[in-house]
Engineer: 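Before I ask anything, let me first share the structure, which is written out below as structure tokens.
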Amino acid sequence: MIYSCKSINAKVFTFFATFLFGSILFGQTQKPVNIIFMIGDGMGVSQVTSAFYFGDGKPNFQNFKFVGLSETSSTSDRVTDSAAGATALSTGQKTYKRAIGVNKDSLAIPTILEQLQDKGYKTGLVCLTSITHATPAAYYAHVKDRDLHEDIALDFIKSDVDFAAGGGLKFFNKRKDNKDLLKDLTKKNYRIDTTSLSKPAAGKRNLYLMARDELPNKVQGRKDFLPEATQMALDFLSQKNEPFFLMVEGSFIDWGGHANNAEMMVKEVLDFDKTIGVVMDFIKKNPNTLLVVTADHETGGASIGKFMEKDASGKQKEVKDKLQVNFIDGQHTAALVPVFAMGKGEDLFSGVYPNNTIYHKLVEALKRSGVNIK
């Protein structure tokens, strides 16, 4: 009997010791999750659909298992703009149209990029428009109106973003106040390239300003800037095995909708889908990563429908093996936009919810990996 009690006590001790040691070990080895957030500006369900019918082969969109829908209104308008839309995504608070990183009372509010910097994360931004444009700006700037590009550029200097690639050179070196912000950035340990996506310098922050304003769109001949810059950002931000946050914008899907230019819209969606593939390849090698793909709003009221052409008698006739893109107008719409997720925390993103909820889902995914930013 005495022997039995000792055995039981020993087993109990061993169990709790193993549990405690395992818990400590788990806490030590648990790594903060990387966040890659991709925004297809103006990308509604029909824009995504175009990748299925106008691309070659299976689109990367088809690889997502967790999909949701997001409602995009702002506090001032049912139909939002990119500034309010991106601010809701970056801060978790809906705000008024044209607002960048401020709430409905025009007060600055922290962005997820800034909050993760405080937790030791590396940060990056990749876009096709000016780096001071509404969507990227909503992750580091705090101004009352999106058109204050020169003020936004000043906020970029304070942002300490580790890697940024896009356009907008003129807002840094051809300013109304005659300041040369490139010199100020150099003093803050930035390596700046305005001509090519050259290899980033280790031990420095890297900024690529590849156009005076926006880059060319795909119809104008842009090559693979978006997937290449995204790959470069991933390689740079992950090189020391530190956690990072990267926002990538497919900027010109929106512009194709505004112009009712089906060719432009489709080519930009396919370019964005190709970039998603780059990120998915990264996740395969780095599974401690969460990818979320969504939009700030839909543009153009696009639909994918019947292809019609005139027959010999002049009557409109459907061509059954072809499709065409139709637009309602050249404006933003209130249509729900898709949300795709892959990786750590992907299960959080199913359902239908307001756009600012996406931020809180990111916060929850981070919390699961031991990162508390609120």
Side-chain angles (χ1 to χ4, degrees), residues 35-55 58-95 97 112 134-135 138 247-251 253-254 256-257 265-266 268-270 272-273 275-276 279-280 290-305 325-329 331-365:
I35 302 288
I36 304 169
F37 198 81
M38 300 183 68
I39 300 175
D41 197 319
M43 186 184 73
V45 174
S46 290
Q47 283 81 356
V48 172
T49 303
S50 72
F52 287 74
Y53 290 108
F54 299 109
K58 175 183 173 182
N60 289 300
F61 283 114
Q62 196 169 331
N63 294 322
F64 289 99
K65 295 180 180 179
F66 291 87
V67 183
L69 288 171
S70 168
E71 177 275 324
T72 63
S73 67
S74 71
T75 60
S76 62
D77 296 77
R78 291 288 182 90
V79 179
T80 191
D81 73 333
S82 294
T87 296
L89 296 171
S90 70
T91 68
Q93 294 189 42
K94 283 182 176 285
T95 189
K97 268 178 75 170
I112 192 167
T135 302
M247 192 287 294
V248 178
E249 183 195 23
S251 315
I253 300 170
D254 171 68
M265 187 203 83
V266 170
E268 293 295 342
V269 170
L270 293 174
F272 189 63
D273 182 71
T275 307
I276 291 172
V279 177
M280 287 180 172
L290 170 62
L291 165 63
V292 177
V293 181
T294 190
D296 45 2
H297 54 75
E298 193 276 344
T299 304
S303 67
I304 311 297
V325 178
N326 303 298
F327 295 97
I328 293 174
D329 57 28
Q331 304 300 315
H332 296 172
T333 73
L336 301 184
V337 298
V339 185
F340 302 90
M342 175 179 289
K344 289 293 183 75
E346 61 187 9
D347 57 294
L348 293 166
F349 293 87
S350 296
V352 182
Y353 37 79
N355 56 359
N356 61 305
T357 306
I358 295 174
Y359 164 91
H360 299 288
K361 291 178 181 293
L362 291 175
V363 170
E364 178 60 27

Engineer: Scan residues 348-357 for pairs that pass side chain to side chain donor-acceptor pair (under 3.5 Å), counting only residues two or more places apart or in two chains.
Structural biologist: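 Sorted result for residues 348-357: K94-N355.
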Engineer: Measure the NE2-CG distance between H332 and D254 for me, rounded to the nearest 0.5 Å.
Structural biologist: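 Between atom NE2 of H332 and atom CG of D254 there are 4.5 Å.
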Engineer: Can T91 and Q93 be counted as having a side-chain donor-acceptor contact under 3.5 angstrom?
Structural biologist: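 Result is no, nothing qualifies.
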Engineer: For the pair F61 and F52, name the ring-plane relationship: parallel under 30°, tilted 30 to 60°, perpendicular over 60°.
Structural biologist: parallel
Engineer: Please tell me if the side chains of M38 and F272 come closer than 4.5 Å, counting only heavy atoms from C-beta onward.
Structural biologist: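 Result yes, sub-4.5 Å side-chain heavy-atom pair found.
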Engineer: Show the numbers, then the answer: is there a side-chain contact (heavy atoms from CB on, under 4.5 Å) between V266 and Y53?
Structural biologist: CA-CA 10 Å; V266 170; Y53 290 108; over 6 Å; no
Engineer: Would you find a donor on one side and an acceptor on the other, under 3.5 Å apart, between the side chain of T294 and the backbone of P338?
Structural biologist: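 Checked: pair present.
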Engineer: Please list all pairs passing the side chain to side chain donor-acceptor pair (under 3.5 Å) test where one or both residues lie in residues 40-51, with sequence neighbours left out.
Structural biologist: D41-S82, D41-T135, D41-H297, Q47-E298
Engineer: With sequence neighbours left out, write down each residue that passes side-chain contact (heavy atoms from CB on, under 4.5 Å) with N63, or none if nothing qualifies.
Structural biologist: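 N63 satisfies side-chain contact (heavy atoms from CB on, under 4.5 Å) with K58, N60, M280, M342 only.
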Engineer: Verify side-chain contact (heavy atoms from CB on, under 4.5 Å) between V79 and Q331, making sure each step is shown before the conclusion.
Structural biologist: CA-CA 9 Å; V79 179; Q331 304 300 315; over 6 Å; no
Engineer: What's the separation between atom CG in L291 and atom CD1 in I35, rounded to the nearest 0.5 Å?
Structural biologist: 9.5 Å
Engineer: Just how far is it from atom CG of D296 to atom OG of S251, taken to the nearest 0.5 Å?
Structural biologist: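 The OG atom of S251 is 9.5 Å from CG of D296, to the nearest 0.5 Å.
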Engineer: How would you list, by chain and number, every residue that makes a side-chain contact (heavy atoms from CB on, under 4.5 Å) with I328, sequence neighbours excluded?
Structural biologist: none
Engineer: Using modelled atom types and a 3.5 Å cut-off, is there a donor and acceptor pairing between side-chain atoms of T75 and backbone atoms of T95?
Structural biologist: yes
Engineer: Please step through side-chain contact (heavy atoms from CB on, under 4.5 Å) for the pair M43 and V337, ending with a clear verdict.
Structural biologist: CA-CA 7 Å; M43 186 184 73; V337 298; over 6 Å; no
Engineer: Does S90 reach the main-chain N or O of A138 with its side chain, forming a donor-acceptor pair under 3.5 Å?
Structural biologist: yes
Engineer: Between K361 and L348 (side chain of the first, backbone of the second, donor and acceptor by atom type, cut-off under 3.5 Å), is there such a pair?
Structural biologist: yes
Engineer: Test of understanding: with side-chain contact (heavy atoms from CB on, under 4.5 Å), list the residues that count as partners of V363, not counting sequence neighbours.
Structural biologist: Y359, I373, K374
Engineer: Should F349 and L362 be marked as a side-chain contact (heavy atoms from CB on, under 4.5 Å) after you check the CA-CA gap, both sets of side-chain angles, and the distance that decides it?
Structural biologist: CA-CA 9 Å; F349 293 87; L362 291 175; 3.9 Å; yes
Engineer: Whether the side chain of N326 engages the backbone of I304 through a donor-acceptor N/O pair (distance < 3.5 Å, no angle test) should be reported.
Structural biologist: no
Engineer: Just to verify, what does S303 make a side chain to side chain donor-acceptor pair (under 3.5 Å) with, not counting sequence neighbours?
Structural biologist: none
Engineer: Mind listing the closest non-hydrogen atom pair of G40 and A295 along with its distance?
Structural biologist: O-CB, 3.2 Å
